[in-house]
Amino acid sequence: MQHTGPGYLLSRGLVVDGTGASPRPGSLLIIDGKIEAIGAVSPIGVEEIDCTGKVIAPGFIDAHSHMDFFSASDDPHHFDSFVAQGVTTFVAGNCGFSPFGFVPSSPHRHLIESSLFKAGRNSLDWNSFTEYRAVLEELGLTQNFLHFVGHGAVRTSLSGFEARALSPDEYEQMLGLLDDAMTQGAAGVSLGLQYKPGVFAKMDELDEVARLVKGHDKLLSVHAKAYSSFSGTYPMVPFGRPHNLKAIEDMLALAHRTGVRLQFSHLIFAGSQAWKTVDAAVGLFDEAIAEGVDVKFDMYPYSCGATLLNTLLPEWFMARMPDSLHELGSRARLRLEATVGFRLAGFGYPQIQITNACCSEYEPYNGMYLPDIASRVAKSPFEVLIDILDKSQAEARVLFHDYYNEEIIDRLMRHPAAIFASDSWPEPGGHQNPAAYGTFPRFLCNARERRSLSLEAAVHKMTGAAADRFRLAARGCLKEGYAADVVVFDWDEVRDRPGEAGTGAPAGIEHVFVNGSPVFSFGKVCAKRGVGRFLLS
Ligand SMILES: [Zn+2]
């Protein structure tokens, strides 16, 4: 028997039920982890929480997360900042990364274990999705989780980070491993086409993966090959099509060809040149949707995003790492391409904030922008970039800035295909991504203060619309019989407060319940292992 909470009556609030329907006054009764009644409910001897003047909404669904690497960690506090912003469910395994799906005997297992998500568990002591699930169910989850299986993880276990096509035998194994994970309940497959080794996969491989996902009637989640108008992952063609548009077209065409349901990950516009392509990009999505392609995108409300410093590098340079870092010819070519590429993208050193240099020499500069570090150490920004890549063994983490401006965020928030996500995780040290602390309060605050969406439409995109997209049964809306994932917040006050280090707690979130158990109450996290569910698709 799984944990069931006692009863709670959230009384006299404003019910925003997650379907997009208008708010209505009412109370909500929670019994045994489920929503027992909504509306005019009289107290029946359960604990009553007065919600006068407050919104009662479904728990927020982080539609694009990497927190799966943290859920097997010994430290449940990794989840506190998400609890405090009202997140009750994560959709994880994105961008090609998942902590399962690999060949058990792989000699490359350490590459998966030491991926982007350092603070998570460093040894993956399981050999399949089912075994991973058993470990987590034994350990107990603080929130609900749905998982994609990462194409990158599977491919890494077969061919490491080698820049090549898979052999016929590896190819079969890869498809078999992805197939197994989906059969065992993964929500679909995620691609990470800007990361090693996804960046080395050719279109015929992606087609094959998409057809497999389509066969399971699941989702293909895609971190595309480019998010800026110029990216090293495409060849440099003078006056060519902006790379971010090409990347969107490639994925929409893939979905069109294969019929797969596509989740386009974190639609961003990195660099001011890409901002000029927003109309065209939105047009591509609209056109594909009109032609019957089943596509949605997720987004975040900050104009910065966390990733690895090495995502800046062109494919040819990445393929020859770490040698390329020391070859004069490679460095000279990279420097030239960076100068031209940055100009074409409207992005450059001033937009690169080193959050965690992952090497002792540069650790004192965590949180600083590349040009500032360069002047501190009396080197050029390019030299510092190479030096940090080298000394961190390409592990250095960054926040890239100028992904959006506020008008673009408003516009995307309003788009019918948009659902909301944080794409964030806690870093073991250094500067933190504000998205890990304030994403959902910030979406609500934007909706209110910039009038980008109504209260009910904003809530819908972080609850019911996400539950629909990922086919989460009996979650994401406030309905009788549904799981009692619930957030109580103050619509007039809710906002993020990132502060200097990005780590400030949001305002206005008052109570959070996961499957009927209170996990946050009046500013205090009381998250417990075992209240979250491992969701299967
Ligand atoms: Zn990604």
Side-chain angles (χ1 to χ4, degrees), residues 62-70 90-99 101 112 115-118 120 146-156 187-201 206 209 219-228 231-233 243-244 247-248 250-251 254 262-271 274 281 295-313 315 318 347 352 355 394-404 412 418-427 433-436 439 466 469-470:
D62 191 342
H64 183 106
S65 173
H66 295 283
M67 288 303 289
D68 44 353
F69 277 85
F70 296 80
F90 297 97
V91 178
N94 283 288
C95 306
F97 300 105
S98 65
I112 303 166
S115 73
L116 191 48
F117 316 104
K118 265 260 151 108
L146 184 75
H147 297 84
F148 285 103
V149 55
H151 162 261
V154 174
R155 204 182 196 280
T156 301
V189 173
S190 75
L191 302 175
L193 305 183
Q194 250 180 337
Y195 295 107
K196 290 188 289 186
V199 68
F200 307 128
L206 305 183
V209 171
L219 274 171
L220 184 68
S221 140
V222 177
H223 176 130
K225 217 170 158 98
Y227 288 94
S228 48
S231 165
T233 47
H243 289 166
N244 61 316
I248 294 170
D250 282 353
M251 290 302 108
L254 172 86
L262 184 72
Q263 183 63 25
F264 194 92
S265 296
H266 42 60
L267 179 60
I268 52 171
F269 295 85
V295 59
K296 296 216 185 294
F297 61 81
D298 40 80
M299 63 174 294
Y300 35 84
Y302 292 92
S303 60
C304 61
T307 188
L308 289 170
L309 183 56
N310 73 12
T311 55
L312 276 182
L313 299 171
E315 196 183 319
M318 232 198 275
F347 181 93
I352 303 171
T355 50
E395 296 244 347
R397 289 105 210 288
V398 291
L399 278 175
F400 288 152
H401 290 261
D402 290 353
Y403 273 6
Y404 302 122
L412 296 181
I419 55 176
F420 295 166
S422 85
D423 188 18
S424 67
W425 59 92
E427 280 293 337
N433 182 352
T439 292
R469 186 60 181 156
F470 301 106

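Indexing begins at 1, ligand by ligand and atom by atom, following the structure's order. The first residue of the sequence shown is numbered 1, and numbering continues consecutively from there.
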Side-chain heavy atoms of T439 within contact of F420, under 4.5 Å: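 Heavy-atom side-chain distance check fails, nothing below 4.5 Å.
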Side-chain touch L312/I352, heavy atoms, less than 4.5 angstrom: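 Yes - at least one pair of side-chain heavy atoms lies under 4.5 Å apart.
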Ring centres under 6.0 angstrom apart (Y403, H266):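 Between H266 and Y403, which both carry aromatic rings, the centre distance is not below 6.0 Å.
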Donor-acceptor side-chain pairing of Q263 and D298 below 3.5 angstrom: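 Their side chains do contain a donor-acceptor pair, which is all the 3.5 Å distance test asks for.
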Flag for H66-D423: side-chain donor and acceptor within less than 3.5 Å: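 H66 and D423 do have a side-chain donor-acceptor pair below 3.5 Å.
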Side-chain (S190) to main-chain (G93) donor-acceptor, under 3.5 angstrom: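 Side chain of S190 to backbone of G93, a donor-acceptor pair under 3.5 Å: yes, one is there.
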Protein N/O/S atoms closer than 2.8 Å to the Zn ion (ligand 1):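 Counting only protein N, O or S atoms under 2.8 Å from the Zn ion (ligand 1), the list reads C95 SG, H223 ND1, H266 NE2.
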